[in-house]
Number of protein chains: 2
Amino acid sequence: MNLLITEDDPLHRAFLKTAVENALPECDQLYEAENGAAAVEIVKSETIDGIFMDLQMPKSNGVDAAKEIWRCFPEMRILFWSNYADEAYVRGVARIVPSGAVYGYLLKSASEERLAFAARGIFVQDQCIIDREVRGVQQRSENTLEGLTDAEFEVLTDISLGMTDKAISARRKISTRGVQSRLKHLYEKLGLNRSVTHSDIGPVFNSRTRALTVALSRGLLNVDGLASYEMELEDWLAKK
Amino acid sequence: MNLLITEDDPLHRAFLKTAVENALPECDQLYEAENGAAAVEIVKSETIDGIFMDLQMPKSNGVDAAKEIWRCFPEMRILFWSNYADEAYVRGVARIVPSGAVYGYLLKSASEERLAFAARGIFVQDQCIIDREVRGVQQRSENTLEGLTDAEFEVLTDISLGMTDKAISARRKISTRGVQSRLKHLYEKLGLNRSVTHSDIGPVFNSRTRALTVALSRGLLNVDGLASYEMELEDWLAKK
DNA sequence: GCTTCCATTGCGGAAACCCGCAGGCGGAAC
DNA sequence: GTTCCGCCTGCGGGTTTCCGCAATGGAAGC
């Protein structure tokens, strides 16, 4: 069995390496990549059976790399390994998993024991292993109470790129009024309607930008995510 | 000599610990804290001569902790140790350094050798040691060409919190027109004026929110910074 | 003193944004 | 079938934001 570790931080890489050597003696060859692009190359040139993938990496983040890898090898088993259980990451990963693919999502704070268990579960027994806290985020984002619908999340990513209503309506093929309607619901769910309005000054917050702040601080969005949304937007602009 | 390591990631903490033991044999006691609040407590209860401070930590980031520590011990020597040379961090640190204090700013990608050199420089020889790349950011933000003036940066933080023009004008004690003037200059420096405008759709971007995206992706702002600006804003709102 | 540069201010208007109301559509549940 | 419910749409209008133009005042430099 050949595995690949994709992780930019040399310390974490070394830790992961020894952990894997202990947990998976059946691993013959252990490749390493320090960014997403390098990982993609190795997967294409070598024979890889499974991947450890860090999500936070400078340039070419883990999600993009995984998307490209799954495009070529839909069967590839990937264990994501992340600092945070941010909704942006969880959603980002969930969006690109091919149906039937085996994958896992583990936090870096997990013990070596948990890591070993997850690794064996995924790479040996072909089972999906999702960290408990991550699972919590997933569920919360599935039931509509606390979480946003896809439509609302979509419009959130669009305004996070700084698009105008009109541009969004063109991109998503709905009327500008539809965009505003989505926005209104988004604002409500983020709790902006009952936000501060000072007697002298009037409303203190501009909903549109405030939504961004709140989304960022709640982990609905993160800066890496923005970068990849930006690329999708550029593709669309080029085609239009 | 008693030193304190403030770092949430156990791996990095362990690495730092052995590195310090090698580089600074004159260190008697080596304390550890895994977040800013704990660090502040230790500094207040023990006798500490110098601190390694991680900047990215969940809750109570390094800048806030350092601010509080320097408020009580303006002589404290602090070596900041960060993943990124983001302008938001560099500016954040520079804003709170008491005049005459000894401090350093090192990237985590630095070699152990550089780390040892910096540690000796700061804690033994009382010299400020700033990483080269960080120094680059500092200079760029000092000369007005590429960087923003204080006024522009201030208004950037305000819109990043989602404030309206009127609220900003009240807070900064200038007219709303003044706010808009600052904003206009900010937009220019971020390059939003010559941005995409599509023939069918018209302007694709809303300057106000687009400014946020650009500032975030360029590292002028970051999410930790937002959290502490938010607290300042709440203080002001409470007083008002 | 004069000029230059910068930040600020008022005015005014075009555009963008926020939102209540009313209505239409399709899918899920009963 | 009926009833919900979420989502989209048009209309209308109130508010906010963006920005050009012109004028003021202060600081720095000749």
Length of the line joining [X]:[atom1] and [N]:[atom2], which is rounded to integer Å:
| X | N | atom1 | atom2 | answer |
| --- | --- | --- | --- | --- |
| Arg182(B) | dT9(C) | CZ | C1' | 13 Å |
| Asp150(A) | dC8(D) | CG | P | 11 Å |
| Leu186(A) | dC7(D) | CG | P | 12 Å |
| Tyr187(B) | dG20(D) | OH | P | 13 Å |
| Phe205(A) | dC18(C) | CZ | P | 15 Å |
| Arg210(B) | dA16(C) | CZ | P | 17 Å |
| Asp158(B) | dT17(D) | CG | P | 12 Å |
| Arg208(A) | dA16(C) | CZ | C1' | 8 Å |

Polar pair under 3.5 Å, donor/acceptor by atom type, side chain Arg177(A), base dG24(C): no

Check: Gln180(B) side chain, dC19(D) base, donor-acceptor under 3.5 Å: yes

Measuring from the side chain of [X] (C-beta onward, heavy atoms only), which nucleotide among [options] has the closest atom?
| X | options | value |
| --- | --- | --- |
| Ser175(B) | dC8(D), dT9(C), dG20(C) | dT9(C) |
| Lys184(A) | dT8(C), dC19(C), dT16(D) | dC19(C) |
| Ser181(A) | dC19(D), dC17(C), dC8(D) | dC8(D) |

Nearest-nucleotide comparison on DNA chain C, the residue closer to the 5′ end among Leu183(A) and Gly178(B): Gly178(B)

Touch class at under 4.0 angstrom, heavy-atom based, for Thr176(B) against every strand present: nothing

Test: Asp131(B) and Lys108(B) ion pair at under 4.0 Å: no

Contact under 4.0 Å: Asn206(B) side-chain N or O vs dT17(D) OP1/OP2: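 For Asn206(B), the contact criterion (side-chain N or O under 4.0 Å from OP1 or OP2 of dT17(D)) is not met.
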
Short side-chain donor-acceptor distance under 3.5 Å, Ser82(A) and Gln56(A):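 Short answer, yes.
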
Donor-acceptor pair between Thr149(A) and Glu152(A) side chains, under 3.5 angstrom: yes

Cation over ring face, Arg77(A) and Phe123(A), 6.0 Å, 45°: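 The answer is no, since Arg77(A) fails at least one limit relative to Phe123(A).
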
Residue closer to the 5' end of DNA chain D, His185(A) versus Asp165(B) (nearest nucleotide):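 Its nearest nucleotide being more 5', the pick is His185(A).
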
Close side-chain approach of Thr164(A) and Ile168(A), heavy atoms under 4.5 Å: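 When only atoms from C-beta onward are counted, Ile168(A) and Thr164(A) do not touch, as no gap falls below 4.5 Å.
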
